Engineer: 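My structure is below; once you've seen it, I'll send some questions.
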Amino acid sequence: MCEPTAVQGRLPIFLYLARPMQDYLKGLNDRQYEAATHINGPLMIVAGAGSGKTKVLTTRIAHLMAKGVDAFNILALTFTNKAAAEMKERIEKMLGNNEARNLYIGTFHSVFARILRGEAHRLGYPNSFTIYDSDDSKSVIKSIVKEMELDEKQYKPNVVLGRISQAKSSLIGPLQYQEDYYLQQEDQRTNRPAIGKIYKRYADQCFKNGAMDFDDLLLKMYELLNTFPEVLLKYQHKFRYVLIDEYQDTNAVQYQITKLLAAAHENICVVGDDAQSIYSFRGATIENILQFQKDYDDVKVVKLEQNYRSSKNIIEVANTVIRQNKGQIPKDLWTDKDQGDKIKVVATMTDNEEGKYVSTMIQELKLRDHYHNHDFAILYRTNAQSRAYEENLRRGGIAYKIYGGLSFYQRKEVKDYIAYLRVIANTRDEEALKRIINYPVRGIGKTSMERLQTIANQHNMTLWDVILRAPETGLKGAALEAIRKFITMMQYFQSLQTHKNAYEIAFEVGKHTGLVKELFNDKTVEGLARYENVQELLNSIKEWTDQQENLSQIDEEGTVQEGITDQTLQNATTLGLYLQQITLLTDADNDKEDADVVKLMTIHAAKGLEFPVVFVGGVEETIFPSGLSINTREELEEERRLFYVAITRAKEKLWLTHANSRYRFGNVVANDASRFLEELPKDYIDRSFSGGTGSGFGRGDQHFGGGFGAGGFSRGSGFGSQNDAAAAARKYGPPPAKKQQPYKSTVLPTQAPPQQKVQVHVPKGDFVPSDTTGLTEGMEVEHLKFGFGTVIKMEGAAHNRIATVDFKTNGEKKIMLNYAKLRIL
DNA sequence: AGACGCTGACTTTTT
DNA sequence: GTCAGCGTCT
């Protein structure tokens, strides 16, 4: 191992950096210092929650650069764009110059996508390959299942994709998959023996489309390095220093790639916390941490156990929770912070009251302890839980923001628009082509498409090539003319690529396709939102090209270019580059941090973040732990680690809430308190808070006819039945996926015939809207004062109803009451 | 081709 | 509660 020396000609920078660096190192404790400055050779940092792991990583990178290592030689891999951006920003601040922009810092996916963009041709892909998000992947799988005439119920895209994804993350190709005895057994057992064949066709189809899915970005990167020694050498030489954040979340492919990359210099530093491993469902394996120590002779291991985030009470509870798991790397977090408040465990009657309780408590804390909105986070296990909080926060006039959920780029209108751009950049992209060929409507209908598709399949041609030769396909008349026009238009767009940037092309697309105009003419509420979204998309493309132009003023060697050529600018702002970037973006990446809002997100999304006050909701059996993850010890332990992550997000105050009943799937459902709550150390818990809202009970939102009790869990000492089930599952595999109750919750009896449908426009005796709503059939939209799913008070009825309101989309702006479901409220 | 009416699937978690 | 998607009718 040779000590890195200052690169020739860079000494002035080195001297300039040296001083602030030294100051910064002083802020580290001994362990952190050790980890940050031991820059040569393999290093594993086992970092507990809140132990300053990001600080160490950034200091380490800055330190490397201070020692004269060029930014271009440093590769730092993270799991979220946010973590990457944050790291970059911090380093920039520490260095006080713009050297950091030359660092390779990004998610595995985005860094590899960037590399593959230069190398994909070696693997037979176009360099402007498309990146398929999961929606695209599912759509491909769906059409394959249809073509193979398999049972679509049995081969749901979600399930099949999950299976393929797991295989890919474990470096198992389609052929190997079909030969693997164990995998085949599993597929037989679940009655899905054709998955191997689907996998093969899926891989072929993606290749034909010139597309890589998320897993391919890793897999193809591995293939590239593994197949082409000269490529491997190039990147080994380039990335002399490799750093990996959240190492416990890496899967087999990621492990192999980083191993290859680091093999030459062995300057690899991984940071992880086995206690926070929560992504095994997507192939992550803690094994990688253990294996790491075996792979290199002289691995240095540094443990960071001092927590700088949370109060003593919170740390104690967290430690107790994680100790229930077997096979952890022994680690004891400690803190010299104050004892703090006890952890509050609160039970409420309903999910709605859980939301109400939290919103009331936030208001109280703001008044009493002068907290701000941005000090609060509400965390939950599943996205669906956000609604109850949302309603109550809105009612309480508290500003909030929900993170996660449907991404901006997943909205239909945005996807449609982007589909055009995708076809322009890569005509092989069949998914995108199918999406836009008749949108907006241009007279290329189902029949024509079927014919074209069949010919494409028969001759193993791409759909686009068949379309180009449409006159030979037997299509004629209006259809042929429509296709001819479509081709002319698309070829015009394609021709723009040589001299126009992504924004200019996107603008032209909007203008010539009539996409923007069509949305503009749609004056309904949703239409307006769609129009705004498309505008927003165009804005963001503009923003991106501007930003790229600035960045491209610096070349690969790090020197600022004087007379930058138009060509360089053009290369940095191409449509293809833009498309590859955005597919890997999530909503969390372009939000403005500074807003004073309460944050709502899943626990997964909260990893790596911290908040003064945290509410964890729905701490109930079947939700947390998830009913789908209690069958094996491994699954349950992952849920427990997730619980650990939730707890350790809190700095000062922590609430764990659970509701006796909640809406789920439109049903009222009763859940027991989570088993995790029973594992908490009593002395650190305060259960004295009542979730009741005083006057609330009785006339609350939900009435129970028959009370609880029927069915439910037989828990208590040793929760026997579940262990039996788990044992059976281990022995015989998971139970057949037939029609069984997906959740073990008790469905509460209702007072009236449930789910009875009532035609509103054929009113029955008991279905008369009262004057309070003023709702009549065929009413003008302008008078509509409520949204979808509005509760309508019914005269003479013992209960309220929920009506679905549809807008007439053509002609006059009229609404129609579609149907209503009878439901107890 | 498009509007309409209705069914059923969804609920782990993310790049 | 919500929504995509299917079949049917115009």
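Since the structure is predicted, the reported quantities are computational estimates derived from the model, not experimental observations. Letters A, B, ... mirror the listed sequences (proteins, then strands); counts begin at 1.
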Engineer: Roughly how many Å is it from CD in A:Glu246 to C1' in B:dT14, rounded to a whole number?
Structural biologist: 13 Å
Engineer: Regarding A:Phe108, tell me which of base, sugar-phosphate or nothing describes its non-hydrogen contacts under 4.0 Å with the strands shown.
Structural biologist: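 Nothing, no heavy atom under 4.0 Å.
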Engineer: A:Leu628 CG to B:dT11 C1': how many Å, rounded?
Structural biologist: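 Computing the A:Leu628:CG to B:dT11:C1' distance gives 8 Å.
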Engineer: Could you tell me the separation between the NZ atom of A:Lys82 and the P atom of B:dT15, rounded to a whole number of Å?
Structural biologist: 11 Å
Engineer: Could you give the NZ-to-P distance, from A:Lys168 to B:dT15, as a whole number of Å?
Structural biologist: 18 Å
Engineer: Heavy atoms only, 4.0 Å cut-off, all strands: where does A:Ser134 land among base, sugar-phosphate and nothing?
Structural biologist: base
Engineer: Please pick, from B:dT15, B:dT11, B:dA1, the nucleotide with the shortest atom-to-atom distance to any side-chain atom of A:Val441.
Structural biologist: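 Looking only at side-chain atoms, A:Val441 lies closest to B:dA1.
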Engineer: What integer distance in Å separates A:Asp136:CG from B:dT14:P?
Structural biologist: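 It works out to 18 Å between those atoms.
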Engineer: From the options A:Arg662, A:His658, A:Arg675, select the one residue that forms a side-chain hydrogen bond (donor to acceptor under 3.5 Å, both in side chains) with A:Glu620.
Structural biologist: A:Arg662
Engineer: Give the nucleotide from the list B:dT11, B:dT13, C:dC6 with an atom nearest to the side chain of A:Lys146.
Structural biologist: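 Shortest atom-to-atom distance from the side chain points to C:dC6.
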Engineer: Do A:Arg114 and A:Tyr104 meet the cation-pi criteria used here (NZ or CZ under 6.0 Å from the six-membered ring centre, within 45° of the axis)?
Structural biologist: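 Pair A:Arg114/A:Tyr104 counts as cation-pi.
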Engineer: Please classify the nucleic acid contact of A:Asn158 as base, sugar-phosphate, or nothing, using heavy-atom distances under 4.0 Å.
Structural biologist: sugar-phosphate
Engineer: What integer distance in Å separates A:Leu217:CG from B:dT14:P?
Structural biologist: 18 Å
Engineer: Please say whether the positively charged group of A:Lys401, taken as NZ for Lys or CZ for Arg, lies over the ring of A:Tyr403, i.e. under 6.0 angstrom from the six-membered ring centre and within 45 degrees of the axis.
Structural biologist: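 Ring-cation test returns yes.
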Engineer: When you get a sec, tell me which of B:dT15, B:dT13, C:dG1 is the closest nucleotide to the side chain of A:Thr107?
Structural biologist: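 Side chain of A:Thr107 sits closest to B:dT15.
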Engineer: So, is A:Lys156 near the phosphate of B:dC10, with a side-chain N or O under 4.0 Å from OP1 or OP2?
Structural biologist: yes
Engineer: Consider the side chain of A:Thr602, meaning its heavy atoms from C-beta on, and name the nucleotide among C:dC6, B:dT14, B:dT15 that approaches it most closely.
Structural biologist: B:dT14
Engineer: Please indicate yes or no: is the ring centre of A:Phe281 less than 5.5 Å from the centre of the six-membered base ring of B:dT13, with the two planes inclined by under 30 degrees?
Structural biologist: yes
Engineer: Tell me the interatomic distance from A:Glu639, atom CD, to B:dT13, atom P, rounded to whole angstroms.
Structural biologist: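 Checked: the CD to P distance equals 11 Å.
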Engineer: On DNA chain B, nearest-nucleotide positions of A:Glu635 versus A:Thr447: which is more 5'?
Structural biologist: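 Its nearest nucleotide being more 5', the pick is A:Thr447.
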Engineer: For the backbone of A:Thr622 and the side chain of A:Ser626, can you confirm whether one donor and one acceptor N or O come within less than 3.5 Å of each other?
Structural biologist: no
Engineer: Strictly distance-based, threshold 3.5 Å: is any side-chain N or O of A:Asn438 a donor or acceptor partner for the main-chain N or O of A:Gly443?
Structural biologist: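 Looks like yes, one N/O pair under 3.5 Å.
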